[in-house]
Amino acid sequence: MSPSQSTPLDSYAMACRQLDDAAAHLDIDPGLLERLRLTEREVTVNFPVKMDDGTLKMFTGYRVQHNDVRGPFKGGLRYHPDTDLGEVRALAMWMTWKAAVVNIPFGGAKGSVQCNPKKMSRGEVERLTRRFTWSIASIIGPERDIPAPDVYTGPQEMAWIMDTYSMIKGQTTPGVVTGKPLELGGSLGRFEATGRGVVIAAARAARHLGRELENMTVAIQGSGNVGGVAARYFERAGAKVVAMSDSGGGVYNPQGVSSAKALACKNQYSCLLGREVAAEDISNEELLELKVDLLAPCAMEGVLTEANAAKVRAGLVVEGANGPTTPEADAILADKGVLVVPDILANAGGVTVSYFEWVQNLQNLLWSEEQIGQRLEEIMGKAMDEVLAIAGEKKVSLRTAAMILGVNRVAEATKLRGIYP
Ligand SMILES: NC(=O)C1=CN([C@@H]2O[C@H](COP(=O)(O)OP(=O)(O)OC[C@H]3O[C@@H](n4cnc5c(N)ncnc54)[C@H](O)[C@@H]3O)[C@@H](O)[C@H]2O)C=CC1
Ligand SMILES: O=C(O)CCC(=O)C(=O)O
């Protein structure tokens, strides 16, 4: 649940509403639409973990598999105290459309464990990861369902999943997860992929508005894998990052905030401090309302709502996070003429390079960073062009256009397989 909301966010209802908006532009049989609305499998596991003080603590985790008509299930694994089944259901559904928008042969899934890894030791997180992997081992695998990093998980957790799964199978199986460390079959460029993809999408969207990223002012919510890397790539593109934040709050300097200094501060103090980066301390709510050219929410769902959308002063919103904008906020932003590049397009760079990692693992290949970067640019650029064309032709938002593209690809694949009707 977003801290800025007074009522709990229903991410799954939000995802269904977006699906209905797209379906209204497609000739989809109601039975097929119902199938696309529902997830294929939802697994809830309760499992014990031995804590450092010797006690046994029970944890709850989820793996939701939404649709695998176009290929194996694919999607990240999140560790967060507020996660629940509804959230994971929505995130799994968004993965299906995302893989289809960039036209890679995956379906959609997502997983989470209710926990606060910030308050756990490394040993506790390792034991939790291994026990959770054991609990879902029968439904994942390189040809079935391939997890990846998401909020508060990263290469180390992927390494533990790969090791646990490999022990169960009796053979080293790198293709069971992506986002692994390079030493264990991870791909060059995967760590940067989502943030880099956000900036590729932002550059195309800016050009669509007759602008270039150079000298554009940018506010970024979230300084993790997505937000932190996006900040670096925005700077490389000549944009001026003026605000960054993390879960504790943000920093703002209209003359620019150095992403290197901000990330170094976060490393040292586990938070962003204005005094360390020559900036003013601001709240996450204030960051969303700054007068900037581009706003990139790169943290959690439901941060742009009916309550604050009218106060957004950016002309362009690029969604690094999944589900940061509610449908009510979407409508308000559209009325204000704000262009929103939706999550299933803007943050698809991550799953795209995960696809490259998986292909390399299955074929024992090693691609260069140059090959990865070039292929990522091509795939993201093509998807952006296709979505912009649909939006122009049907006079719909980029979100609805991306949904039309993704949902239609899944619907067509379903019909071709002949499992419907
Ligand atoms: N890691 C990936 O490859 C991908 C991630 N995403 C999405 O991007 C978003 C961020 O994921 P990551 O960067 O991977 O996670 P992360 O764990 O690396 O970083 C999360 C960041 O968000 C901040 N944060 C957490 N709660 C917050 C709050 N309530 N308000 C403001 N900031 C808050 C954290 O302090 C941290 O800086 C999520 O929505 C995730 O689903 C989407 C596509 C791929
Ligand atoms: O890299 C992946 O497979 C999935 C990343 C992810 O969870 C997402 O795109 O939301």
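Position 1 is the first residue of the sequence; numbering continues from there. Read the numbers this way: they start at 1 and go in the same order the structure lists the ligands and their atoms. Only this structure's heavy atoms are used, side chains among them; waters, hydrogens and symmetry mates stay out. The model shown is predicted, which means the values in this text are computed figures rather than measured ones.
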Decide whether the shortest distance between a heavy atom of Gly350 and an atom of ligand 2 is less than 4.0 Å.
-> yes
Hey, is ligand 1 close enough to Asn225 that some N/O pair sits below 3.5 Å?
-> yes
Does any non-hydrogen side-chain atom of His80 lie less than 4.5 Å from one of Glu87?
-> no
Using distance alone, determine whether Asn347 and ligand 1 share an N or O pair under 3.5 Å.
-> no
Heavy-atom contact under 4.0 Å between Gly76 and ligand 1?
-> no
Counting heavy atoms only, which of Ala230, Gly224, Gly248, Gly227 comes nearest to atom 21 (C) of ligand 1?
-> Gly224
Mark the output for Glu301 as yes if a heavy-atom distance to ligand 1 is under 4.0 Å, and as no if none is.
-> no
Ser223, any N or O under 3.5 Å of ligand 1 N or O | yes
Polar-atom distance check: Ser245 versus ligand 1, any N or O pair below 3.5 Å?
-> no
Identify, by atom number and element, the atoms of ligand 1 in contact range of Met300, meaning under 4.0 Å from any of its heavy atoms.
-> 26 (N), 27 (C)
Heavy-atom count around Leu209 CG within 6.0 Å, excluding the residue itself: above 12?
-> yes
Ser247, any N or O under 3.5 Å of ligand 1 N or O | yes
Hey, is Asp20 close enough to Arg37 for a salt bridge, meaning N to O under 4.0 Å?
-> yes
Should you measure from each heavy atom of Asn322, which atoms of ligand 2 turn up under 4.0 Å away?
-> 10 (O)
Between Glu301 and Lys110, is the closest basic N to carboxylate O distance under 4.0 Å?
-> no
Would you check if the distance from the ring center of Phe106 to the ring center of Trp358 is below 6.0 Å?
-> yes
Report the relative orientation of the aromatic rings in Trp367 and Phe356; use parallel for angles under 30°, tilted for 30 to 60°, perpendicular for over 60°.
-> tilted
Would Asp385 and Arg204 count as a salt bridge (charged side-chain N to carboxylate O under 4.0 Å, His left out) if you check the C-alpha gap in whole Å, the side-chain angles of each, and the deciding distance to 0.1 Å?
-> CA-CA 8 Å; Asp385 288 347; Arg204 292 260 173 161; 3.0 Å; yes
Would you mind listing which atoms of ligand 1 come within a distance below 4.0 Å of any non-hydrogen atom of Asn284?
-> 30 (N), 31 (C)
Are any of the N/O atoms in Val226 less than 3.5 Å from those in ligand 1?
-> yes
Arg78 N/O under 3.5 Å from ligand 1 N/O | yes
Go through ligand 2 atom by atom and flag the ones less than 4.0 Å from a non-hydrogen atom of Gly76.
-> 4 (C), 6 (C), 7 (O)
For atom 10 (C) of ligand 1, which of Gly154, Gly349, Cys298 has the closest heavy atom?
-> Cys298
Relative to Tyr12, does Arg89 satisfy both conditions: NZ or CZ under 6.0 angstrom from the six-membered ring centre, and within 45 degrees of the ring's axis?
-> yes
Interfacing atoms of ligand 2 (cut-off 4.0 Å, heavy-atom, Asp150) = 7 (O)
Would you mind listing which atoms of ligand 2 come within a distance below 4.0 Å of any non-hydrogen atom of Ala148?
-> 1 (O), 2 (C), 3 (O), 4 (C)
Here the atoms of ligand 2 under 4.0 Å from any heavy atom belonging to Ser354 are 1 (O), 2 (C), 3 (O)
Arg70 NZ/CZ over Tyr355 ring centroid, <6.0 Å and within 45° of normal = no
For ligand 1, find out whether one of its N or O atoms is nearer than 3.5 Å to an N or O atom of Tyr152.
-> yes
Hey, mind stepping through Lys311 and Glu285 against salt bridge (charged side-chain N to carboxylate O under 4.0 Å, His left out) and telling me if it holds?
-> CA-CA 10 Å; Lys311 296 184 217 154; Glu285 289 73 23; over 6 Å; no
Of the protein's non-hydrogen atoms, which lies at the shortest distance from atom 10 (O) of ligand 2, and what is that distance?
-> Lys110 NZ, 2.8 Å
Short N-O contact, Asp21 and Arg399, less than 4.0 angstrom = no
Name the option, out of Lys74, Met95, Arg190, Glu357, that contains the heavy atom nearest to atom 3 (O) of ligand 2.
-> Lys74
Lys/Arg-Asp/Glu bridge criterion (N-O < 4.0 Å) met for Glu126, Arg130 = yes
For atom CD of Gln371, decide whether the heavy atoms of other residues, nucleotides or ligands shown that lie under 6.0 angstrom number more than 12.
-> yes
With a 4.0 Å heavy-atom cut-off (strictly under), which part of Arg190 contacts ligand 1: side chain, backbone, both or neither?
-> side chain
Per-atom contacts of ligand 2 with Lys98, taking only distances under 4.0 Å to non-hydrogen atoms | 8 (C), 9 (O), 10 (O)
Distance col, row Gln114:CD vs Asn46:CG, nearest 0.5 angstrom, shows 9.0 Å
Short N/O distance, under 3.5 Å, between Ala299 and ligand 1?
-> yes
Pair Lys57 + Glu124, salt bridge at N-O below 4.0 Å | no
